[in-house]
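Because only heavy atoms are used, hydrogens play no part in the values below, and waters and symmetry mates are left out as well, while side chains stay in. Since this is a predicted model, take the numbers as computed values, not measurements. Throughout, protein chains are lettered first and strands after them, A, B, ... in sequence-line order, and every chain is numbered starting at 1.
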Amino acid sequence: MTEKLAHTPAGAPVRGPRALIYDLGAPESSCVLAPDLDVPAVQLDAVLGGTARVTAPRLPHVTELEIMRHYSHLADMNFGVDSGLYPLGSCTMKYNPRINEDACRLEGFAGLHPLQPADTIQGALELMHGLQDALAQVSGLPGVSLQPAAGAHGELTALMVFRAAHTGAGDPRRKVVIPDSAHGTNPASVSMCGYETVTIPSGEDGMVDLDALRDALDTDVAAFMLTNPNTVGLFDSQILEITRTVHDVGAYAYCDGANMNAILGKTRPGDMGFDALHINLHKTFSTPHGGGGPGSGPVCVTEGLARYLPAPVVRRGIEGEPAYVPHTPEASIGAVRSFWGNFGVLVRAYAYVRALGGEGLTEVAEQAVLSANYLKERLKGAFDLPFDRVCMHEFVLSGASLRREYGVRTLDVAKRLLDYGFHPPTVYFPLIVEEALMIEPTETEPLDALDAFADALIAIAGEAATSPDMLHDAPYTTPVRRLDEARAARDPVLRWRPRE
Amino acid sequence: MTEKLAHTPAGAPVRGPRALIYDLGAPESSCVLAPDLDVPAVQLDAVLGGTARVTAPRLPHVTELEIMRHYSHLADMNFGVDSGLYPLGSCTMKYNPRINEDACRLEGFAGLHPLQPADTIQGALELMHGLQDALAQVSGLPGVSLQPAAGAHGELTALMVFRAAHTGAGDPRRKVVIPDSAHGTNPASVSMCGYETVTIPSGEDGMVDLDALRDALDTDVAAFMLTNPNTVGLFDSQILEITRTVHDVGAYAYCDGANMNAILGKTRPGDMGFDALHINLHKTFSTPHGGGGPGSGPVCVTEGLARYLPAPVVRRGIEGEPAYVPHTPEASIGAVRSFWGNFGVLVRAYAYVRALGGEGLTEVAEQAVLSANYLKERLKGAFDLPFDRVCMHEFVLSGASLRREYGVRTLDVAKRLLDYGFHPPTVYFPLIVEEALMIEPTETEPLDALDAFADALIAIAGEAATSPDMLHDAPYTTPVRRLDEARAARDPVLRWRPRE
Amino acid sequence: MLRAVGVSEVDELFADVPAGARLESALDLPSGMGEIELTTHLRALASRNVAATSIVSFAGAGCYDHHIPSVVDHVLRRPEFFTAYTPYQPEVSQGTLQAIFEYQTGICELTGMDVSNASMYDGATALAEASFMAARVTKRHKVVVSGAIHPGWLTVLRTYAAAGVIEPVIIEPVQGLTPIEAVTAAVADAAAVVVASPNFTGSIEDLAGPGAAAHDAGALYVVASNPILLGVMEPPASFGADIVVGEGQSLGNAMSLGGPGLGFFACRQQFVRQMPGRLVGRTVDVDGNDAYVLTLATREQHIRREKATSNICSNHALNALAAGAYLAAVGVEGLSGIARSCVAKAHYLREELLKTERFSAPWDALFGYEFALRFDGDVDSMRRELFERGYLAGVDAGELDARYDGLVLFAVTEKRTRAQIDAFVAEVSSL
Amino acid sequence: MLRAVGVSEVDELFADVPAGARLESALDLPSGMGEIELTTHLRALASRNVAATSIVSFAGAGCYDHHIPSVVDHVLRRPEFFTAYTPYQPEVSQGTLQAIFEYQTGICELTGMDVSNASMYDGATALAEASFMAARVTKRHKVVVSGAIHPGWLTVLRTYAAAGVIEPVIIEPVQGLTPIEAVTAAVADAAAVVVASPNFTGSIEDLAGPGAAAHDAGALYVVASNPILLGVMEPPASFGADIVVGEGQSLGNAMSLGGPGLGFFACRQQFVRQMPGRLVGRTVDVDGNDAYVLTLATREQHIRREKATSNICSNHALNALAAGAYLAAVGVEGLSGIARSCVAKAHYLREELLKTERFSAPWDALFGYEFALRFDGDVDSMRRELFERGYLAGVDAGELDARYDGLVLFAVTEKRTRAQIDAFVAEVSSL
Ligand SMILES: Cc1ncc(COP(=O)(O)O)c(C=O)c1O
Ligand SMILES: Cc1ncc(COP(=O)(O)O)c(C=O)c1O
């Protein structure tokens, strides 16, 4: 006991595994009850016609104190951007400004019902209109839908738009081409939209292999999807040729905008020749990731495609209308989710845009790229650097040598970083780099933090040489340690059950 | 390095000592700046007449990310009621309901200027009036001032009222009698009010020694101050005789209401014969302690003394006035601080009163007393129990035997409790019990938590027998360990200075 | 930093951007604002809206003004939760993972299903994903859908269906309910039968019939539920549901103009490997401690790519966290009490509105806490007039679907008091 | 539990309460409310107030409508801070302790003093405590106090003085300033000379004169400061202050009807052992790590009892935490910018108000961001009328002290815009 305690951090019950909330409390506990009924009671069985519940659900039975302690304890076991550097490549884990959190909680935003008359939500519509404008401006693509709930949802929406446009033009198509470095959502969205995925290999240099692209393109191809800057953190300098080539067969060029943070104010997907783009507001526009969501994935399209966007979009009112009104584009595909979009997220993104302005957004890109290059330079001695050139906002290291020489894998390095107090980078993505470590520091990390992170990774590379076995067992200091993931998948336990 | 890291908890930079915020950041960083000036600029030196600042203060230079990380890290090193059981005797560390925190932040409360016209703050005045009423009701003393900022401030206020009353009656007095078990604020308040403290010893049983009291009383005594239930957690059953005796010499009986939590709805200081009382809203009325404050220490007095209370109090308006108006009692002592009181704290206390109602408050006392007795019964085998009888909301154990038999002191026990994830009880107070451990569980702790705490204390008593040395070095698992307090006092370092 | 990177100005780092794609001018956006101006600006925008929560609202139609327990937002404000990414590193993500595991449990308990995923974007997309899943499981395309479901959800389903993966057949409602005969007639070769209860107009459907029809035809049975009512209504599992979906906004999430909400998605154990979305499972770590982890990821896009069960990546984890905290705050007693309160108040309002004779009942179906009435005048001007007087007089159902022209949909939550209802009815009478 | 305790009902535990003192009836209080009703009730109360922050406020007089950086409240909401007690157990209180140590540093930097305590209740009590401390240090009683300090603070000082420990001698202001001759005339045998700059009417005092007078007479020099202005004004230390106190509400704390605010208290090193209040100091732990701890506790009531330097126990730690976070958020550039902005806007408003000719200058003193003007009509009805139009037209100084009858005190913070000022002045002109 003592021994164990001596290794248990402060507030022992506050760290390490914790009972499920379903196993806490006394049976009669609860925290918020309905108010006393001030209207005549109803006989549930009568009004519900025999569908009244027979067996009550088993829900937690706890007091408010127990709830706060429980979630405080859980929070203590979590690592967020506020806990330390979170260089998850492709995820843009920048700081989430607190004023955004305040803004979305203002009653004039949080308390709005989605079906209120338009003249009672003019502030909200003005905000969405302003955000549409800003996204059109940074993307160079004038048609904007704020409806998609996340990046993948935006991809799907854009593909639906392409389908509608091709079908509308009497030119239905069946295939979508993507490079092998693409994020998994791209091919998955392709399938959901009823297209077939054609994957082309990337070039040696991580860029699009133009020949492979040309080979894959034909008049049955609806679109080519590309992340640019791409998933190895490089800007594809052939981009104008790529989009031209795609357009040549009557296909659309789609930009996965997950990496917009690198190019804000420096170059615009529309100017690169893309026809459509999604933007992850939860990456580039500083809205929090929420432990997995909610995000928001607005889609920006060319003027020609704007008529297909899902409804509603917000436009300025004309004579006799309020200043801003909802609008259904003429050939709208319909709607990809309920109501307007993830409005609470849009408020945050809008606040961010207004805080920074055009100049500030441009500085974001510059600093993000500068910080990534700085880290890359500091780290390229300790790890393999497959693409040794200027990178954009992120770069990919490889642990191939560490693996070959010491049998230390990238996973070990990642887990060991946890002991040093850092969140690991994205690992094993993109698939085209062996033992990949994809590092995106973001512009909000101070130099101190960048240096401390580089120091840690360099120290770990040293440990790989001297104590590889120690690394296999890392981490040592986290609330739980390496998990048996195989067991979780083999025999899935996906919910609490009462103890017998 | 590895060795050390292996003992460093998750998110290493998030636990353990941390750099001062003054040593972080880059020189040019900042987070919130003034808006661009939209009026003519002024020449500071001119308008300030040569008092313009020559050398700028050295303030932190950090980004918002750095601020949040810094304070998140600091918070992680802190233990609050939300972290676990906090049985600090005499402090009533009950759960702080979150709705109170929401309420005091409503703009209609938080955004009020103290000198707004009364008709523009009717909601606030109604709230304060309601709280005055509630405190009068639970105390049995009809005159209430919400102005004092804390318990000690309330004591001082009440003593000032006594002084004014005696002086007003042409009977000025010089002494105040207190028992040796009194809290330190009592004699300190006595001195601040220009009185002399006369300390009388407590009886063997922890109660007032009536004979000693009678001996100390004379017509130069202004007041007798008593905590009842007292600081060993017992209700003094001679209370009616005590207050009668005090009144017999023309002195006032003052109740230190720090222990009101035990008696809500069961008995009232006014009915016990007390003339005045302070109530710590940050104890009995669930407002948070804030890491040391702000609290609030309203004073309740008899009808006869109400005319001396500090101004303003809130009364109902009469013909032609708003519903509630500020009022200066006819013989008011003046004011003991600026404006109305700690209004933000009053809002929380009011919310608590309204949430519980009379019945709920009474249940609070019952459960607080029951929980304390339960813990006492569970622990009396493992520690000495100087007063082995029914207690009120708290009780005092003694570590005298542990000290004698194993050389383990109460301080060791307290520090060891930290390793088990509990905040220690109040130790070495009251002064009249050797190696005291004063335990107040409060009514909000669930049975599970009480049992876990009892188990931990019993385990530690066991460790005292088997491994006393281990206990001398406890705690082992906290962000920092035992501190060199002597050094802090010998050579005080009370502020950051820039590194040379 | 520039020096360390070996460039003399930052623009050199953007040399890969070809001349033709470079943005030569500055972004045409309003210039940045400090926090002080921004606060003023945002407050001004917010004040240009009239929040439903600041007046007396009877609007529902998929987004409800339920009480949000104070503790929920205090949980959500913990930065360790909201500033974290998807819990890919379980060693430092046990907070999110355990909270989601608890959320999954709550959804299973409410719906009676075996497994719940970690959340979807909203109820409408959850329903669309359920249809896609049924098509995958049954290798069929036709989806027989009650036309009485939310018109907005129908639109989403139709939009998703344009890709050709599913083919919805919409069953025209009769008297506000889904006619079982029409379902039976359409069900042959169907991948799924989809019914919502309560449906868009608040009516409670007979859930047993369509379930039997579905199963007889080898189709899956997909039911959309209201999670608050599941506190007092028999779970869809009892009627044979294979997949249960719904909008979970009511469980502790602000209305926030309808987003972000919470799509919940639960199904029977046998279909778990066909589910869309993330799943959190329990396992042990090397020290033998219980620990939680994302599992069955081979269904997902980052592993399975074009063969994935869905393209979803970011979900609505924080909303699920809110739902978990909500269920903990109310417990079974609170939830059933809230549901009873809503139901009783809705029945009271309907009675009183009928008494005014300005409203008439379009049909006589059972309902929970939402119902449709026909107004004897112009719905739009009635709602505007009542808005001026401080009431959000339900939802103009005809605005969502011409099929419902003239109908007003009223929802009554536990937040409404009898006094508010009486005052509202008095205003209606005085129109 | 009853069984474990050995009683059959809970009332047995209250047997010690004598019959005559037992409360036989139930408490006469409104019955309890669930969270839902309570939320409604509290919102209704709040809405019966018009928050100064929701209109355009020019009120100051000791409580100021400065911008509170968003980050400050996010820090304060961490339950580990606000649900903790006074940091008596340093091993699990490093968060509070380090934050206070940083706060103490900030106050020292602003005031130029050597040491700051961990906070007092408010500016007024800090001033009273400073006078008591001076009496203790000098073993004298007389305190020569500028009559130009805040009338509310004067009242508090007089109230505290009734105990006889100090004897204030109030120096009547002349033309809104403290006449040095009068100070010099009164200073013999004084424990302290007390001056505020800016004073109640916003005027900047000559701080050097009274300091010299105090020191010549062997008295301590106590100065009350405005912490925002210390961003651009020379610290009181430069004028010989021995103790500097003030109201710190402006540093990140809501106005909240004037409480809780923050009393700051700083002094020269040589007096540290005579200071009231808590002090946090740095030391090391057994492992040699830097650590923070409450120190010099032998000054305090729990150790020294009747000989303590003050009776203060609970202080305003959380407000000090807010002040520390505030100073971090604004930094030196932000603080001086905010101060400049306030000063410039106040000077602009004064100019414009004088142009209306409804106001006249009672004197011609230098000022920071608060100033007094004489109104040519009834102050009360003017303020009421402007309130109706959305303005809190300063503070009626005569209400606080008859000496200021007819004077209106205007404070202008960085939150006010020129547009607001111009619109306000236009309203004044139209009166
Ligand atoms: C390159 C890329 N594309 C698409 C996505 C999917 O975005 P979301 O998670 O918002 O659906 C991601 C997210 O990680 C990504 O990195
Ligand atoms: C018995 C007793 N009296 C008085 C006080 C002083 O109260 P405060 O800290 O609110 O000034 C305390 C606080 O601990 C106490 O326990």
Side-chain angles (χ1 to χ4, degrees), chain A residues 1-2 5-15 24-26 29 62-69 71-73 76-77 79-85 94-99 416 418-423 444-449 452 456 459 463 466-467 470 474-480, chain B residues 1-2 5-15 24-26 29 62-69 71-73 76-77 79-85 94-99 416 418-423 444-449 452 456 459 463 466-467 470 474-480:
Chain A
M1 182 91 181
T2 304
L5 277 172
H7 293 262
T8 309
V14 185
R15 289 235 155 203
L24 300 178
S29 299
V62 285
T63 62
E64 192 178 310
L65 169 142
E66 289 173 299
I67 296 173
M68 276 313 302
R69 280 207 190 138
Y71 285 104
S72 295
H73 182 141
D76 284 343
M77 294 196 293
F79 189 104
V81 173
D82 281 21
S83 315
L85 189 109
K94 63 173 69 177
Y95 177 71
N96 311 120
R98 288 312 120 98
I99 188 166
R416 184 59 179 158
L418 297 172
D419 285 333
Y420 282 82
F422 296 99
H423 198 280
T444 59
E445 289 300 329
L447 184 57
D448 293 355
E463 290 175 343
T466 57
S467 20
M470 187 273 288
Y476 296 92
T477 61
T478 46
V480 299
Chain B
M1 182 89 180
T2 303
L5 276 173
H7 292 263
T8 310
V14 185
R15 289 239 157 201
L24 300 177
S29 299
V62 285
T63 63
E64 192 178 311
L65 169 143
E66 289 173 297
I67 295 174
M68 276 314 301
R69 279 204 191 140
Y71 285 104
S72 294
H73 182 140
D76 284 343
M77 295 196 291
F79 189 104
V81 173
D82 281 22
S83 316
L85 189 108
K94 63 173 71 177
Y95 177 70
N96 311 121
R98 289 310 121 102
I99 186 163
R416 183 60 179 156
L418 297 171
D419 285 333
Y420 282 82
F422 296 99
H423 198 280
T444 59
E445 289 299 329
L447 184 56
D448 293 356
E463 290 175 344
T466 56
S467 18
M470 187 274 286
Y476 296 92
T477 61
T478 46
V480 299

Between B/Thr466 and B/Glu463, is any side-chain donor less than 3.5 angstrom from a side-chain acceptor?
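On atom types as modelled, these side chains do not qualify, holding no pair under 3.5 Å.
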
Q.
Show the nearest heavy-atom pair for residues A/Glu66 and A/Gly25, with the distance to one decimal.
A.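 In terms of heavy atoms, the two residues are closest at OE2-CA, 3.4 Å.
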
Checklist entry - If every non-hydrogen atom of B/Ala456 is compared with every non-hydrogen atom of B/Phe422, which pair is closest and at what distance? => result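 Closest approach of B/Ala456 to B/Phe422, heavy atoms only: CB-CE1, 3.7 Å.
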
Under 4.5 Å from any heavy atom of chain B, what part of A/Glu64 do you find: side chain, backbone, both or neither?
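For A/Glu64, the contact with chain B is made by backbone and side chain together.
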
**Prompt:** Under a 4.5 Å heavy-atom cut-off, does chain B meet the side chain of A/Asp448, its backbone, both or neither?
**Reply:**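 For A/Asp448, the contact with chain B is made by the side chain alone.
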
How about B/Lys94 and B/Glu445: do any of their side-chain heavy atoms sit closer than 4.5 Å?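 Counting from C-beta outward, B/Lys94 and B/Glu445 never come under 4.5 Å.
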
For side chain to side chain contact (heavy atoms under 4.5 Å, CB included), just list the numbers for B/Asp76 and A/Asp76, CA-CA rounded to whole Å, side-chain angles, deciding distance to a tenth of an Å, and then say yes or no. CA-CA 8 Å; B/Asp76 284 343; A/Asp76 284 343; 3.8 Å; yes

- Task: Would you mind telling me which of A/Asn96, A/Ile99, A/Thr444 has the largest number of heavy-atom pairs within less than 4.5 Å of chain B?
- Result: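 That would be A/Thr444.
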
If I measure from the heavy atoms of chain A, does B/Val62 come under 4.5 Å with its side chain, its backbone, both, or neither?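 Neither; nothing under 4.5 Å.
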
**OP:** Under 4.5 Å heavy-atom distance to chain A, tell me which part of B/Leu447 shows up: side chain, backbone, both or neither.
**Re:**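 For B/Leu447, there is no contact with chain A at all, as no heavy atom is under 4.5 Å.
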
